[in-house]
Number of protein chains: 2
Amino acid sequence: MKQHANSAHRKELSVGEVAHRSGVAVSALHFYESKGLISSRRNTGNQRRYTRDVLRVVSLIKVAQRVGIPLAEIGEALATLPERRAPSADDWRRLSDHWKNRLEERIDHLVKLRDQLDGCIGCGCLSLEACPLRNPDDIAAQAGPGARLFDPHKPPDTTTSA
Amino acid sequence: MKQHANSAHRKELSVGEVAHRSGVAVSALHFYESKGLISSRRNTGNQRRYTRDVLRVVSLIKVAQRVGIPLAEIGEALATLPERRAPSADDWRRLSDHWKNRLEERIDHLVKLRDQLDGCIGCGCLSLEACPLRNPDDIAAQAGPGARLFDPHKPPDTTTSA
DNA sequence: GTACGACCTGAAGTAAGGTTGAGGTCAACA
DNA sequence: TGTTGACCTCAACCTTACTTCAGGTCGTAC
């Protein structure tokens, strides 16, 4: 740690410091930046310098990921933040509330699946026609030729919707 | 290696027929075979011919996938089946029971996460030190079925710079 | 007897979320 | 002054679960 030693009053963080403090790899921070999720300014030597706000943003990213939100969507959410600054308490409330709903949908889905599984453990039928486990609420069920069963959990995909 | 009378009696299925009846793409069936999850014999023209049992196996694979079990693990489970034949009712009971437990763990995990999120929506702290959301003690939560679904292990902390 | 669809193989592409490596810069310390 | 360690960029690679494509064969209906 030679470069960023000293200077007790420095405000900005190097990428290594952010990595260490946030528990995220340097390569991941580069990656997030390439996707526009975080940003930095460069010092005279072209090295990234972050404000402390970035720690909050990284935290938010990791939490959203735990909830199951894909990075692209997290990026969109962050893009709605005014001034592209770190999320305020209000921002956080708005985003986390939305994500909590997503999480609950996901839980509901899994609970339904569990209950179906429970009901089907005894029968062992796995019937293509009758078993609810094999009929995940139609979606793209047996349609035309080459019919494919799309995963009902997938986010709506406009290009593959049948 | 005795065959079930009724299934042996029935005509064998081509890959296209299996695809149509199971709702799985032909390419996916090829893929499952390459991974050892299903098997087929070949006719004189080198085309795959399946017994009807394969439909049960494919059903089982799809259900397990919905639960979030990776194909490799499904393959291991299928490999434990005696004679590598289609799963009997008992086999199904055993496997589905195991997978139900996995599913419940996953649900528990998400419920905990939801509760934490609930408790943290108000505070907006996202504190690296204090916020439970940022201290996932135990992770394994990933779960979006479909495309991405893996969390081999978090970056081993070292953060590339010690 | 031929056209066309279904099938075959192996390689390459796709998506998400990164990691790893090569090749090079910068700045402090002995 | 040379070594070191953090940093830089860009490209290639990784995993899972498949799909798509190119180039060739099979089978059956007309």
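On a predicted model such as this, the values are computed, not experimentally measured, just so you know.
- A:I69 has its CD1 atom 14 Å from the P atom of C:dA16, to the nearest Å.
- Rounded to 10 degrees, the angle separating the terminal helix axes of the helix from C:dG1-D:dC30 to C:dA30-D:dT1, each built from five base pairs, is 30°.
- In this structure, A:H20 places its NE2 atom 12 Å from P of D:dA6, rounding to the nearest Å.
- Residues B:G16 and A:A72 each lie close to DNA chain C; by heavy-atom proximity, the contact nearer the 5' end of the strand is made by B:G16.
- Salt bridge present: A:R41 and A:E12 bring a charged side-chain N and a carboxylate O closer than 4.0 Å.
- Taking side-chain N and O atoms only, B:H30 has no distance below 4.0 Å to OP1 or OP2 of D:dC18.
- Checking C:dC8, D:dC18, C:dG18 against every side-chain atom of B:V15, the shortest atom distance belongs to C:dC8.
- The side-chain hydrogen bond (donor to acceptor under 3.5 Å, both in side chains) check on A:N46 picks up A:R42, with sequence neighbours excluded.
- OP1 or OP2 of D:dC7 lies within a sub-4.0 Å distance of a side-chain N or O belonging to A:S14.
- Rounding to whole angstrom units, CD of residue A:E73 and C1' of C:dG17 are separated by 15 Å.
- Separating the CG atom of B:L71 from the C1' atom of D:dT19 is a distance of 14 Å, rounded to the nearest angstrom.
- The distance between atom CD1 of B:I74 and atom C1' of D:dT16, rounded to the nearest whole Å, is 12 Å.
- Between A:S39 and A:E33, the side chains place no donor N or O within less than 3.5 Å of an acceptor N or O (distance only, hydrogens not considered).
- Applying side-chain contact (heavy atoms from CB on, under 4.5 Å) to A:I38 and the options A:D53, A:I61, A:V24 leaves one that passes, A:I61.
- Residue B:R48 has a polar side-chain atom (N or O) positioned under 4.0 Å from OP1 or OP2 of C:dC8.
- The separation between A:E33 atom CD and C:dG18 atom C1' is 15 Å, rounded to whole Å.
- Between the side chains of A:R49 and A:Q47, a donor-acceptor pair is found at a separation under 3.5 Å.
- The line from CG of A:L60 to CG of A:L55 is 12.5 Å long, rounded to the nearest 0.5 Å.
- Applying the side-chain contact (heavy atoms from CB on, under 4.5 Å) criterion to B:R94, with sequence neighbours excluded, gives B:T80, B:L81, B:D91.
- OP1 or OP2 of C:dG18 sits under 4.0 Å from a side-chain N or O of A:Q65.
- Spacing between atom NZ of A:K62 and atom C1' of C:dG17 amounts to 9 Å, rounded to whole angstrom units.
- At the phosphate of D:dC18, OP1 or OP2 sits under 4.0 Å from a side-chain N or O atom of B:Y32.
- With sequence neighbours excluded, the residues satisfying side-chain hydrogen bond (donor to acceptor under 3.5 Å, both in side chains) with B:E73 are B:R102.
- What separates CD1 of B:I61 from P of D:dT16 is a distance of 16 Å, to the nearest Å.
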Protein within reach of the bases, or only the backbone? For nucleotides 22-30 of chain D, mark each nucleotide 5' to 3' as B, S or -, using heavy atoms under 4.0 Å. ----SS---
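- The residues B:D115 and B:K112 are annotated as not salt-bridged, no charged nitrogen and carboxylate oxygen being separated by less than 4.0 angstrom.
- The side chain of B:F31 lies closest to D:dA17, out of D:dA17, D:dC8, C:dG17.
- Applying the salt bridge (Lys or Arg N to Asp or Glu O under 4.0 Å) criterion to B:E17, with sequence neighbours excluded, gives B:K11.
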